[in-house]
Amino acid sequence: MTSFKHPLSSGWEFRQADDDSADAWMPVRKVPTEVHLDLLANKKIPDPFIDLNELSVRWIADKGWVYRTRFAKPNQDGADEPAVTDLVFEGLDTFAVVTLNGAEILTSDNMFVSHRVNVSGLLQAENVLEIAFDSARLRGNQLVEEHSHEHTFYVRQTEVSRMPVRKAQYHWGWDWGPILTTAGPWRPVYLEQYTVRVADVWFQADVSPDLKTCTGHLFAQIEGELPSPQKVILSLTLEGKTVIEKTCGVDEGGLARTGFSIVDPQLWYPYGFGSQTRYELKATIGSHVVKSKLIGFRRTELIQEKDDYGKSFYFRINEIDVFSGGSCWIPADSFLSQISAQRYRDWMRLMVEGNQIMVRVWGGGIYESESMIEACDEFGILVWHDFQFACGSYPTYPSYLKSVEEEARQAVRLFRTHPSFLIWAGNNEDYQVQERYKLEYNYEDKDPQSWLKSTFPARYTYEYFLPKIVKEEDPSAIYHPSSPWGDGRPTFDPTVGDLHQWNIWHGAMNRYQEASQLSGRFVSEFGMEAYPHLETLRNVITNPQQLHPGSMAMDFRNRAIDHERRMITYVAENYLVKYDLPSYTHLTQVVQADTMHTAYKIWRREWGKPGSRKCGGVLVWQFNDCWPTMSWAVVDYYLVKKPAYYTIARALKPVTVGVTTDYRDWTSGHADPRGLTTFEKFDLWVVSSDVRPVELTLTVRVISIRTGEDVQTLLTRKPITAQPNSTTEILKDYAVPSSKQDMGKAEPPFDISQVEPIIIHAVIEADDHVIASDTCWPQPLKYLDFSDRGVKIKASSPTQLSISASRPVKSFVIEERRGVKISDNGFDRRWTSPKYPLLPLLEAIY
């Protein structure tokens, strides 16, 4: 008989575990679900995302909850012999006891693990399925107490009860998210009925260095009773045409395996480097039982070689060095069951529309939905995925490691066929915890058993246990012990491994203009906070009197430590401060966008050339939010883009130009500010990800901020060649002559009106089309006069705005809202070339 699934998604009810009254049961919307959503649907709690309501629902975390449903025994679909019936739970959050018709059939203590229980002999004509969920927070505290004699549970974010619990750590709250500790069947529950089924189908393969052949093995795992003869057909097809088809036997463990070889395989490439070709891998038994997956072949390497800067860290895909520009990803909702496959796809589409080709799935959330990874396959987004450990010193007692092993094996098996899946990292920032609390770590000690006896036993998990599992389940996978991590060196070492650069915003609070001093071999985290657009804030703060910066509701919503102190510092250092909500929202967004512009521009410049890749990638913290808030996200909870999103998109164009000057201090006690509105010299470069040389025309203008006129003759160079997949330095320390330049250093009395503030504006064209531009502005911007810019806005059509300005404009922002798609935002007034003196058209699609 054919394998058949019976979803158990409807007809559920739930109650608080300590309330056994007759009317305690309440209807459940649907499964998957979480208890907060069901309480909200039954009007038992207010919306936790609105105002300060989160505080009034925190009690939910300390209660147990019971879910139950009734269902009829499914028929056997005309089978000649009794079918196997499994009860499948794809995810139970978290401490759960499952009973069927009063008999206990399963206990679970790991949110990340799926379960399959054979209930063939337990089903009745009518059945009652019940799941009792215990409080994860209270159980976590109990586990801390039970194991306190053998382990010290250090924790950097929120409370220690999360540490021994295998549950999404952000449910305890984070510095960008609320404390909403959920419970419930958060992934599907269903019955699966079969005589034989294909449990999994996968492959292991190597692509040759010349990319001409792909050789390896196809596998299928079979469960149940195979019909005679016991054969499985394993096949590969491409665009409907059979490439490989082999009939093979099944061993005693249910494994079918066959070798294969493909000449001139069509490979999968990341976005912008080639096509996202996928083959269909299929296992077939008889004429009915089929399991298939879309897979891709590619050759991948993490290049870590000694060079002039230390040791490189970048990825090579199909023999192409790839600069990994992209974002870090947190769970897209505090209530995971709300995230549909379409919503995941919409998020990933935004990434490639913004020229981002890597997403790093952070270690304090979940092993992401396969829907998200499938979207990455389709769009060409490389996936860096942390194992789910974050900001703590995790235990290693036997029962904990046993649970972690099952979780890790399931996760690796789930993702191993996806061509977008690039690298596993052992955790997020746990080695920084080791450094902060001075836990024992001797990199020269290579004995895993000794690590278990140290004050940092989690090293055993990250440097032995997890890489061993990855190697066994997916031998070709890339594994990195942690993020950040570099060969056992301090996590802030910029010469090796990846780096979380938090001296912008956190730490030393460096100015973003100092980005050139803060780079690393691969910057896997950095960020700057900003408010979302006004509509988002007005949706979740309902009292108009609270809609101003610094209000109780606004402060409560921002979870970053010292957020107002840090945010106002960056705003006030750079801009004239206006503290009404629209103005301050705009200023925080401009700070974030300018930080992205500076960092991505400078660090991508350090991509360099083959053999000299000083910086291999930049991932902003963070791409998204889990609730409506102000945070480091460049796209808010409702998928509304902040200006920084567009800034990153411009910085990550396939071919782009950059202009910069040396950082000049203006905040130290004796800084001389007189020359800050002009430039003496600048650098200009072009960076390209194109694997071929690109012929360009370069135009550079020095423009008066006051008048909008050129203050010197145009500089045009034609042609210049952007070297393949490299940075091409065009101008170095290029002098800026100006008749009024010397007034910047005039002796007192100092008359700023005699100084001509200028910008350097560069445009590159290919085939008579402008492909990129960049503007270098004097810093800080608050010293400049932006009055009377001569801005004109015209609706050219129902879907187009034409925006012009007669003088330089910095960070022109259109307030975005849900349902409106804008082609660009947060831009400067651009002189695209002498032929095109106005800002480009903006397309707004409603």
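Note: hydrogens, waters and symmetry copies are ignored here, and every other heavy atom, side chains too, is used.
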Is the Y344 ring parallel, tilted or perpendicular to the W329 ring (thresholds 30°, 60°)?
-> tilted

Identify the two heavy atoms, one from L619 and one from S324, that lie closest to each other, and give their separation to 0.1 Å.
-> CD2-O, 3.7 Å

Is there a donor-acceptor pair under 3.5 Å between the side chain of N53 and the backbone N or O of P46?
-> no

Can you sort out the partners of P778 under side-chain contact (heavy atoms from CB on, under 4.5 Å), two or more places apart, ordered by chain and number?
-> F679, I705, I759, L784

Qualifying residues under side-chain contact (heavy atoms from CB on, under 4.5 Å), relative to D785, sequence neighbours excluded = S787

Which of V620, D386, D498, V383 passes side chain to side chain contact (heavy atoms under 4.5 Å, CB included) with R360? It is D386

In chain order, what residues pass the side chain to side chain donor-acceptor pair (under 3.5 Å) check against S340, with sequence neighbours excluded?
-> none

Least distance between heavy atoms, D636 atom then W347 atom = O-CH2, 3.2 Å

Please list, chain by chain and in numerical order, all residues satisfying side chain to side chain donor-acceptor pair (under 3.5 Å) with E34, sequence neighbours excluded.
-> S337

Partners of D665 by side-chain contact (heavy atoms from CB on, under 4.5 Å), sequence neighbours excluded?
-> R511, Y663, T667, S668, A671

Scanning both residues in full, the closest heavy-atom pair of H171 with T181 reads O-OG1, 3.1 Å

Parallel, tilted or perpendicular: which describes the rings of F335 and H36, with under 30° parallel and over 60° perpendicular?
-> tilted

Partners of R187 by side-chain contact (heavy atoms from CB on, under 4.5 Å), sequence neighbours excluded?
-> E90, I366, S369

Using only heavy-atom distances, determine whether the side chains of D774 and H597 contain a donor-acceptor pair under 3.5 Å.
-> yes

State, without any angle test, whether R343 and Q338 hold a side-chain donor-acceptor pair at a distance under 3.5 Å.
-> no

Hey, can you tell me if H506 and W632 have their rings parallel, tilted or perpendicular (30° and 60° cut-offs)?
-> tilted

Heavy-atom pair with the smallest gap, counting every atom of K782 and E573 | CE-O, 3.3 Å

Are Y638 and N539 close enough that a side-chain donor and a side-chain acceptor fall under 3.5 Å?
-> no

Would you please test H385 and E368 for side-chain contact (heavy atoms from CB on, under 4.5 Å) and show each step?
-> CA-CA 9 Å; H385 205 306; E368 267 300 349; 4.1 Å; yes

salt_bridge(E378, R345) N-O dist < 4.0 Å | yes

Atom of F323, atom of I357 and distance for their closest heavy-atom approach | O-CD1, 3.4 Å

